[in-house]
Amino acid sequence: MIKLNTSIKPLTVAITSAIMFVTLQSYAAPGDGTGDGGGGDDVVITNPVTEPNAKRIKEGYPLGLMADWMAEDDVYALNPVNIRAGKHPDRSDPEDGPYDVVYIFPDEATADAWWDPTNPATPTPPDEIPATAVAFIHWMLDNQSGSFPGVMSYSDIDGFKSKNCIMAAGDRIPIPGVKDGIVKDCSNPQGSSKRFKINVMQPDEPIDLVYNVETHPLVYTNYDADAGEGLPTHDGIEESGRIYRILQKFHNASGMDAVDSLGQPVVRDGVRLAGFRVELGTGVGSTFTEVPNANTDGLQPDKSLGFELRPCMADHFFDVRRDRPGTGTNDCADVYDGGGDPLVDQPIPQEIWLEGEYSTFSPTMYSFNTDKRTTPVGGWWDKRPSGINPPEIQTLGKLDSGYTDSANYTTRIDGSVPLPGYYGATTPNYFDIVSTQATGVIDGTGIDIPSPFGYMMYYGVLADGDIGNLSQGVYEDPDGDPATEGDLKAWWDGDEFRWGADPTYDGNIDADAFTVVPRETLVEWALFPLQEEPDPATGEFPAGPLYELGEMDDLAGLNVDTFVYLGRKFTGPEFTVRLTAVPVTSSAPYGPGTGGAPGFPMAGGEYGNETPAWVANPAPELTTFINNDGVIIIRSGIAGEPLSIMLADIVTGELPTATVENLDTGETENVELLQDADNPKMFSVSLPTAANGGAGSNNDGTMNVWPEQTVRVSYLDVVTEAALDGSNPQIRTDEVVIPFESLVPTIPTSDDDNGCSCSTNPDGSVDPILPAAVLFALGYLGLRRREEKNKQER
């Protein structure tokens with residue numbers, strides 16, 4: 001879900017930190033003393049092998065104003081020839097500086113016509129979305145590590161498979177416990193916001209990004225020229241170059257309204273996307289020239305400039321010793337270079353261009369439950385990856401997903417079969433949820449329409465409420481902070497809120513997949529809404545988990561991995577990467593058109609392009625599910641923190657009351673709930689607690705509680721009409737288990753403490769203080785027990 005200001009959640013950061021620690025450890029193996037290079041630090045190199053004429057993309061990014069960047073257009077990685085900074089309501093933030101995004105135009109003249117930063121009369125950009133822009137890039141990333149202008153390049157980075165990348169701009173990644181975080185570069189772990197974000201505003205129009213190139217020696221520090229070791233070879237051909245992995249994500253923002261040069265609004269309805277293509281060349285707009293021999297095989301070694309499509313590359317190419325041990329870690333390890341000659345044969349264990357990772361939707365939404373990013377649960381929509389099938393056209397200068405019948409795509413990363421009458425490269429398990437994931441729905445109604453997803457969705461200006469044809473979902477914010485990104489809990493199909501593929505979050509797709517969320521659960525979520533402003537009294541946000549409705553923008557975004565080979569024979573000072581998103585209205589041969597061209601049956605209204613039911617019937621607010629059938633909920637913090645009691649009901653007359661009971665001690669407290677000022681159907685009260693395991697006095701305004709004790713709240717619901725189960729009145733209840741806490745240890749009074757770090761209970765007994773990791777696990781298990789109990793009761 002798109003947020004205007006985002007940061008990593010604590011648990012996400014902890015997981016990222018753990019992954020990062022493991023990643024760093026894997027590159028810190030000491031030398032093994034054998035002299036074979038196994039450890040990387042026990043071989044003396046007297047004369048490293050060097051290729052002085054190697055090329056690289058320039059590094060760094062401008063930190064000043066747009067005019068400063070244009071004055072030094074050849075200094076940084078990204079050339080601003082057709083780029084101008086600007087403002088955008090979806091990304092506006094007063095602390096972001098003078099710009100929110102950079103807009104990409106077809107060419108320099110069009111960019112200058114919108115805004116010329118070098119003109120003293122126009123020092124700031126127009127406060128509008130330009131109709132002539134084809135796309136924009138933003139740098140507001142989930143972990144707040146982004147910087148203007150959103151894109152940078154790195155070369156020769158240790159610990160990164162291809163050693164070079166084009167990625168999201170920024171200096172540091174915040175990591176808890178690490179002062180100032182860590183350096184942001186290609187080798188950062190997955191989930192650390194490395195992809196730069198393109199928002200496509202005009203499909204069928206090329207989006208050109210120009211990168212500056214310089215000569216920079218390529219030094220092989222693991223190889224010794226004095227020992228006769230030379231440059232890498234492939235199939236007996238010597239080569240030297242840098243392979244850049246382009247880490248990007250693009251969204252279908254074709255529904256964004258804009259403003260023309262006369263200040264008049266340009267209204268756009270948005271269009272679905274059927275695929276995309278990427279091209280290499282020089283120049284922008286009408287001056288774009290494809291790389292020489294662009295239609296030749298993209299696998300040739302030592303190309304001057306071209307896409308790298310070899311799935312397996314020799315370690316030698318990436319300056320890793322060919323005689324290193326333990327190469328059998330992937331499918332490439334059994335591939336050898338040298339034609340069987342034992343003197344030059346080397347294993348080729350580096351995996352580069354992988355068809356299954358060419359372009360994918362969010363791994364949180366679609367991934368195997370063995371994917372290290374989502375283990376052990378897997379994807380929310382499906383336990384298989386999803387995206388665009390590998391390009392139909394794979395040449396030195398063009399990758400094109402194509403538009404043939406889906407039956408022609410033999411490589412299927414989702415493991416599913418073709419859908420009848422379906423054209424395009426989108427994998428079936430994204431395209432049709434009913435046919436591929438929701439066949440087991442047995443709730444009597446099914447999902448509202450046969451194919452609610454179809455071709456890649458779109459959205460407009462979210463700040464204006466234009467969500468295009470995206471559905472909405474209920475998002476949970478575990479920490480209650482609106483600046484952090486929530487976790488999807490349920491989605492709206494145009495008629496019902498439904499779970500995803502795995503309602504129990506156990507990693508399996510069972511018969512309960514995509515079933516309807518119980519009304520009581522929706523009411524419980526309504527009782528704990530996410531607040532956009534902190535509590536005026538405390539300055540803090542309420543403790544999570546809290547809930548809100550949000551747009552499912554992951555259904556309109558695609559992660560794309562492209563590999564560009566920059567060889568020593570390249571002579572130009574710059575090159576262009578061209579991305580074109582192709583809509584269902586495109587005409588053969590994939591140029592601008594109105595749809596319905598021969599061999600391209602994807603005009604409006606065809607299969608996969610239907611208007612989803614939720615467009616005419618958008619998701620209702622959760623509070624609309626509150627009726628006479630009252631729902632009461634109790635939540636707790638650790639012992640000593642207040643109990644929160646929430647009630648959703650239609651109440652007339654006197655304020656409602658409830659009874660709170662400690663089931664382990666028998667203590668009871670009767671409380672009166674106060675009505676919410678903004679919603680007359682919601683009531684709440686906060687009951688203070690004392691950290692004491694023994695029973696306190698009844699109705700003294702404070703309840704004694706201790707970890708693992710169970711507290712129940714009971715509410716007599718005098719309904720004004722028959723309840724759902726026919727009873728009238730009826731008692732509503734809810735329970736909570738007090739979570740574990742780390743208490744202050746007592747100082748041992750004798751030497752005979754057996755090394756115990758202990759705390760004293762209220763009754764005088766002594767408990768050991770458990771390690772933080774154990775406390776976290778026990779608290780989590782207590783939360784899961786509570787969730788399972790609620791599930792069984794419902």
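- By the 6.0 Å and 45° rule, Lys55 does not stack over the aromatic ring of Phe570.
- Counted by atom type alone, Asn212 and Asp74 present zero donor-acceptor pairs between their side chains at under 3.5 Å.
- To the nearest 0.5 Å, the span separating CD1 on Ile104 from CD1 on Ile207 amounts to 6.0 Å.
- Separating the CG atom in Asn164 from the OH atom in Tyr244 is a distance of 4.5 Å, to the nearest 0.5 Å.
- Considering all non-hydrogen atoms of both residues, Ile348 and Cys312 come closest at CG2-C, 3.6 Å.
- For the pair Val284/Phe105, no side-chain contact is recorded, criterion being any heavy-atom separation below 4.5 Å from C-beta on.
- Considering only heavy atoms from C-beta on, Trp353 stays 4.5 Å or farther from Arg310 through its side chain.
- The two atoms that bring Leu555 and Phe361 nearest to each other are O-CE2, 4.3 Å, heavy atoms only.
- Side chain to side chain, Gln394 and Tyr358 fail the donor-acceptor criterion of an N or O pair below 3.5 Å.
- Using a 4.5 Å heavy-atom cutoff, the side chains of Tyr565 and Leu280 are not in contact.
- Ion pairing of Lys398 with Asp400 is absent here, as no side-chain N (NZ or NE/NH1/NH2) approaches a carboxylate O to less than 4.0 Å.
- Here the closest non-hydrogen pair linking Ser401 and Ile388 is CB-CG2, 3.6 Å.
- At least one side-chain heavy atom of Leu273 sits under 4.5 Å from a side-chain heavy atom of Pro203.
- With contacts defined as side-chain heavy-atom distances shorter than 4.5 Å, the pair Asp561/Arg195 qualifies.
- The shortest distance between side-chain heavy atoms of Val151 and Tyr211 falls below 4.5 Å.
- Taking the charged nitrogens against the carboxylate oxygens, Glu290 and Arg277 have no contact shorter than 4.0 Å, which rules out a salt bridge.
- A cation-pi geometry, defined here as NZ or CZ lying under 6.0 Å from the six-membered ring centre and within 45° of its normal, does not hold between Arg245 and Phe160.
- Side-chain contact between Leu247 and Phe196: absent, with no pair of heavy atoms (C-beta onward) separated by less than 4.5 Å.
- Of all heavy-atom pairs between Ser147 and Trp139, the closest is O-CB, 3.4 Å.
- At least one donor-acceptor pair closer than 3.5 Å links the side chain of Asn82 to the backbone N or O of Asp208.
- Using a 4.0 Å cut-off between charged nitrogen and carboxylate oxygen, Asp554 and Lys249 count as a salt-bridge pair.
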Please determine whether ring pair (Phe, Tyr, Trp, His ring centres under 6.0 Å) holds for the pair Phe148 and Trp69, giving the CA-CA distance in whole Å, both sets of side-chain angles, and the decisive distance to 0.1 Å. CA-CA 11 Å; Phe148 166 81; Trp69 186 16; 5.7 Å; yes

Determine whether Thr221 and Asp319 satisfy the following criterion, side chain to side chain donor-acceptor pair (under 3.5 Å), listing intermediate values before the conclusion. CA-CA 7 Å; Thr221 58; Asp319 195 23; 3.0 Å; yes

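- Here the shortest heavy-atom pairing between Asn252 and Val271 reads ND2-O, 2.9 Å.
- For Arg568 against Glu238, the heavy-atom pair with the smallest separation is NH2-O, 3.6 Å.
- In this structure, a donor-acceptor pair under 3.5 Å is present between the side chains of Asp224 and Thr46.
- Here Asp116 does not pair with Arg84 in a salt bridge; the nearest charged N to carboxylate O distance is not below 4.0 Å.
- The shortest distance between side-chain heavy atoms of Asp302 and Lys569 falls below 4.5 Å.
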